[in-house]
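Note that these values count all heavy atoms, side chains included, but never hydrogens, waters or copies made by symmetry. Since this is a predicted model, take the numbers as computed values, not measurements.
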Amino acid sequence: MTVHEDAAHVLLEDLQADPVGASMLAQMTASLYEGAYSRQLIAWVGQTQREPAYWPPHQVAALTHIVDGLAYGRIVRRRIPVGATPGPDADRRGNAAKLEGVSAPFHVKLDMSQNGADCDGLLAWDEPVNLWRALGVRVLHEKGLHGSLHAPFEVRPWTVPLEVGYTWPSRTAVHLMMEGAVARWAYDDNEICLLLDLPRLGQMAGTRPLPVGVEPFDLGL
């Protein structure tokens with residue numbers, strides 16, 4: 001078992017031990033089985049050859065943890081246009097050429113061998129950029145669809161791991177736990193989704209104080 005799978009098992013145990021967490025996990029499991037979810041949203045977190053309905057419980061726990069963070073503003077996001085969807089993982093040169101379409105201030109360096117590396121490459125930006133944070137306020141759109149209010153949060157220049165194509169939710173979760181951020185370029189998606197964990201990065205994340213209601217992560221040391 002990998003380190004990221006071990007971490008996902010811990011998340012599963014934590015969710016199961018908490019009544020609210022157990023309820024969220026049950027709702028997520030049901031939505032995956034019923035197909036009542038955004039495929040793009042799920043792919044930002046994890047994507048495999050198996051449908052999410054058949055993911056093991058610890059992977060659903062990792063997915064639930066991240067989606068909950070997005071919904072309540074602990075995790076902020078930004079979509080970065082690429083203009084192309086990724087090709088097969090083995091086509092490193094082809095994917096690298098497509099990633100040249102990413103506009104400044106973002107730039108991508110794809111690992112051309114990815115021989116046992118922790119990620120497929122790196123996404124960086126060299127000036128402050130806005131990411132979007134959900135405010136936890138639900139709104140009803142004119143077409144009857146529910147959504148959330150979002151506000152910008154300015155993030156200082158950073159370099160984060162990039163995962164292309166297939167990846168488990170647990171790997172995304174561990175990137176957020178360890179590096180505080182991850183970029184996802186999923187199959188069938190012509191945009192990169194950048195995810196950043198505000199409590200984990202704390203005061204290092206933004207050019208301004210953290211938003212109200214976000215407490216920096218305490219290592220307990």
Side-chain angles (χ1 to χ4, degrees), residues 1-8 32 35 37-56 58-63 65-67 69-70 75-127 129-132 155 157-197:
M1 187 176 295
T2 64
V3 172
H4 61 85
E5 287 178 303
D6 282 339
L32 295 178
Y37 59 87
S38 164
R39 297 190 70 88
Q40 184 182 50
L41 171 61
I42 300 301
W44 290 343
V45 181
Q47 187 181 52
T48 70
Q49 291 180 315
R50 299 174 65 187
E51 285 294 312
Y54 300 101
W55 285 349
H58 64 283
Q59 296 296 343
V60 178
L63 171 65
H65 174 75
I66 296 172
V67 170
L70 284 166
I75 297 174
V76 294
R77 65 177 176 84
R78 174 163 175 154
R79 293 160 68 174
I80 303 166
V82 178
T85 60
D89 190 60
D91 185 15
R92 313 297 291 185
R93 293 188 181 278
N95 283 335
K98 292 177 181 179
L99 288 167
E100 291 178 358
V102 172
S103 300
F106 297 99
H107 46 94
V108 180
K109 181 178 180 181
L110 196 67
D111 188 329
M112 299 309 292
S113 62
Q114 215 273 322
N115 186 17
D118 290 332
C119 58
D120 291 310
L122 299 172
L123 170 76
W125 56 100
D126 49 23
E127 63 183 57
V129 297
N130 281 337
L131 275 73
W132 293 91
V155 176
W158 210 267
T159 299
V160 306
L162 171 69
E163 294 289 352
V164 178
Y166 292 140
T167 194
W168 282 111
S170 58
R171 183 176 292 278
T172 303
V174 165
H175 279 309
L176 290 169
M177 291 176 188
M178 300 301 292
E179 291 99 348
V182 63
R184 279 282 296 132
W185 188 29
Y187 287 129
D188 301 320
D189 198 339
N190 61 6
E191 297 178 318
I192 291 172
C193 182
L194 170 60
L195 304 174
L196 187 146
D197 189 316

Engineer: At what distance, to the nearest 0.5 angstrom, does CD of Gln59 lie from CZ of Arg50?
Structural biologist: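 So the gap between those two atoms works out to 9.5 Å.
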Engineer: CD1 of Ile42 to CG of Leu63: how many Å apart, nearest 0.5 Å?
Structural biologist: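 That separation rounds to 4.5 Å.
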Engineer: Give a yes or no answer on whether the side chain of Lys98 reaches the backbone of Thr85 with a donor-acceptor pair at less than 3.5 Å.
Structural biologist: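 Side chain of Lys98 to backbone of Thr85: a pair is present.
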Engineer: Rounded to the nearest 0.5 Å, how far apart are CZ of Arg171 and CD of Glu5?
Structural biologist: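 It comes to 9.0 Å.
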Engineer: Any side-chain to backbone donor/acceptor pair from Asp111 onto Asp120? Under 3.5 Å, distance only.
Structural biologist: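 Absent.
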Engineer: Closest approach of Val160 and Ala181, non-hydrogen atoms and distance?
Structural biologist: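 Where Val160 meets Ala181 most closely, the heavy atoms are CG1-CB, 3.5 Å.
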Engineer: Write down the atom of Arg77, the atom of Cys193, and the distance for their closest heavy-atom approach.
Structural biologist: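 Shortest heavy-atom contact: CB-SG, 4.3 Å.
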Engineer: Looking at side-chain heavy atoms only, is the closest gap between Ile75 and Leu70 below 4.5 Å?
Structural biologist: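 Yes; the side chains approach each other to less than 4.5 Å.
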Engineer: Should we say atom CE of Met178 is surrounded by more than 12 heavy atoms from elsewhere, each under 6.0 Å from it?
Structural biologist: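 Atom CE in Met178 is not crowded, with 12 or fewer foreign heavy atoms closer than 6.0 Å.
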Engineer: On a heavy-atom basis, which atom in Leu122 and which in Cys119 lie closest, and how many Å separate them?
Structural biologist: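 Nearest pair, atom of Leu122 first, then Cys119: CD2-SG, 4.4 Å.
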Engineer: Indicate yes or no: does Glu51 engage Arg39 in a salt bridge with an N to O separation below 4.0 Å.
Structural biologist: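 Yes, this pair counts.
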Engineer: Within the side chain of Arg78, is there an N or O that forms a donor-acceptor pair under 3.5 Å with the backbone of Asn130?
Structural biologist: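 Flag set: sc Arg78 to bb Asn130 pair under 3.5 Å.
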Engineer: Tell me the closest heavy-atom pair linking Ala124 and Thr159, and the distance in Å.
Structural biologist: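 Where Ala124 meets Thr159 most closely, the heavy atoms are CB-OG1, 3.4 Å.
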Engineer: Of Leu123, Val108, Val129, which is the lone residue that meets side-chain contact (heavy atoms from CB on, under 4.5 Å) with Ile80?
Structural biologist: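 Result: among Leu123, Val108, Val129, Leu123 is the only option passing the side-chain contact (heavy atoms from CB on, under 4.5 Å) with Ile80.
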Engineer: Just wondering, do Arg79 and Trp44 contact through their side chains at under 4.5 Å, heavy atoms?
Structural biologist: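 Yes, close enough: below the 4.5 Å cut-off.
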Engineer: Quick one: which of His175, Gln47, Arg184 gives a side-chain hydrogen bond (donor to acceptor under 3.5 Å, both in side chains) with Glu163?
Structural biologist: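 Passing option: His175.
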Engineer: Specify the closest pair of heavy atoms between Gly87 and Asn95, including all atoms of both residues, with the distance to one decimal.
Structural biologist: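 Residues Gly87 and Asn95, closest heavy atoms: N-OD1, 2.7 Å.
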Engineer: Between Val82 and Asn190, is any pair of side-chain heavy atoms under 4.5 Å apart?
Structural biologist: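 The answer is no, as the side chains (C-beta and beyond) never meet within the 4.5 Å cut-off.
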Engineer: Checking Trp168 now: which residues fulfil side-chain hydrogen bond (donor to acceptor under 3.5 Å, both in side chains) with it, not counting sequence neighbours?
Structural biologist: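 Trp168: no side-chain hydrogen bond (donor to acceptor under 3.5 Å, both in side chains) contacts found.
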Engineer: In the structure I gave you, are the side-chain heavy atoms of Trp185 and Leu99 within less than 4.5 Å of one another anywhere?
Structural biologist: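 Side-chain contact under 4.5 Å: yes.
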Engineer: Minimum heavy-atom separation for Trp55 to Pro169, with atom names?
Structural biologist: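 Smallest heavy-atom distance, with atoms named: CZ3-CG, 3.5 Å.
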